[in-house]
Amino acid sequence: MSAQSPAPLTERGQVLEERGPGPVAVTLSVNGVERSLEIEPRVSLLDALREHLDLTGAKKGCDQGTCGACTVWVDGHRVLSCLTLAMTCEGREVTTIEGLAEGDELHAVQQAFIAEDAFQCGYCTPGQIMSAAALLKEGHAGDDAEIKEWMSGNICRCAAYPHIRAAIRAVRDGA
Ligand code: FES
Ligand code: FES
């Protein structure tokens, strides 16, 4: 005979299944601030940011790694936060769109997106900006073909691509 307590029942008497491990304690450094949370190990970085830390800048477009709307940086490198488990980011620095500006001063890429009118609905924009700022740091903005290639993971359903590239060129050229 097992000493385990019986599985819990629903109101109709059905046995509830165990649905994976419960919450675990995780500490994330987000935009330079340590944040402690209790989450199930399967929680994505995107859901941890949006649902647990109220950082809703990174957007959930597809939740399967195809649109780029959820792009953030981990240790300065772009990641798709919908495909990244939050607990794998413990001990690493997470940067979101909310952490890009220096106080009241927008990042050069944010300013350029405004100046070049590089968005319409704005849903993809946080991801586009995080990718664009990383691409410029990485030195992958040599010409339009290179910009297209290195921004190809960020989809814009409003097709603001020419203006997005203009914003990237403006920062590249110090305009
Ligand atoms: S929401 Fe992550 S790639 Fe679309
Ligand atoms: S500005 Fe609307 S999806 Fe890009």
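First listed ligand is number 1; within each ligand, the first listed atom is number 1. Residue numbers run from 1 in the order of the sequence given.
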> Hey, which atoms in ligand 1 end up nearer than 4.0 Å to a heavy atom of T66?
3 (S)
> Any N/O/S atom of C124 sitting less than 2.8 Å from atom 2 (Fe) of ligand 2, backbone or side chain?
no
> Looking at G122, which atoms of ligand 2 are within less than 4.0 Å of one of its heavy atoms?
1 (S), 2 (Fe)
> Quick check on contacts: which atoms of ligand 2 are under 4.0 angstrom from a heavy atom of C121?
1 (S), 2 (Fe), 3 (S)
> Considering non-hydrogen atoms only, spot the tightest contact between A118 and A167 and give its length.
CB-CB, 4.3 Å
> Is any N, O or S atom of C158 under 2.8 Å away from atom 4 (Fe) of ligand 2?
no
> Just verifying a value: how many Å separate L55 CG and E98 CD, rounded to the nearest 0.5 Å?
4.5 Å
> Is the contact between A160 and ligand 2 made by the side chain, the backbone, both, or neither, using heavy atoms and a 4.0 Å cut-off?
neither
> How about C67: does one of its N, O or S atoms come closer than 2.8 Å to atom 2 (Fe) of ligand 1?
no
> Between L85 and V43, is any pair of side-chain heavy atoms under 4.5 Å apart?
no
> So if I count the atoms of ligand 1 from 1 in the order they appear, which ones are less than 4.0 Å from some heavy atom of G65?
3 (S)
> Give the atom numbers and elements of ligand 1 that come within less than 4.0 Å of a heavy atom of C62.
1 (S), 3 (S), 4 (Fe)
> So how far is it from C67 SG to I155 CD1, rounded to the nearest 0.5 Å?
7.5 Å
> Do the charged groups of R50 and D47 touch, with an N to O distance under 4.0 Å?
no
> Scan side-chain atoms only and decide if S131 and R78 contain a donor-acceptor pair under the 3.5 Å cut-off.
yes
> Could you confirm whether C82 has any N/O/S atom lying under 2.8 Å from atom 2 (Fe) of ligand 1?
yes
> So, applying side-chain contact (heavy atoms from CB on, under 4.5 Å) with C89, which one of V79, V74, V72 is it?
V74
> How close do N31 and E93 get, heavy atom to heavy atom, and via which atoms?
N-OE2, 3.3 Å
> Please find the pair of heavy atoms, one from M151 and one from I164, that lie closest to each other, and give the distance.
CE-CG2, 4.2 Å
> Taking R35 for its side chain and S29 for its backbone only, find out whether a donor-acceptor pair lies under 3.5 Å.
no
> In ligand 2, which numbered atoms sit nearer than 4.0 Å to a non-hydrogen atom of R157?
3 (S)
> Under a 4.0 Å heavy-atom limit, does D63 contact ligand 1 with its side chain, its backbone, both, or neither?
backbone
> Which ligand 1 atoms does G61 reach within 4.0 Å, using its non-hydrogen atoms?
1 (S)
> Any idea which atoms of ligand 1 are less than 4.0 Å away from a heavy-atom of C70?
1 (S), 2 (Fe), 3 (S)
> May I ask you to list the atoms of ligand 2 that are less than 4.0 angstrom from any heavy atom of Q120?
1 (S)
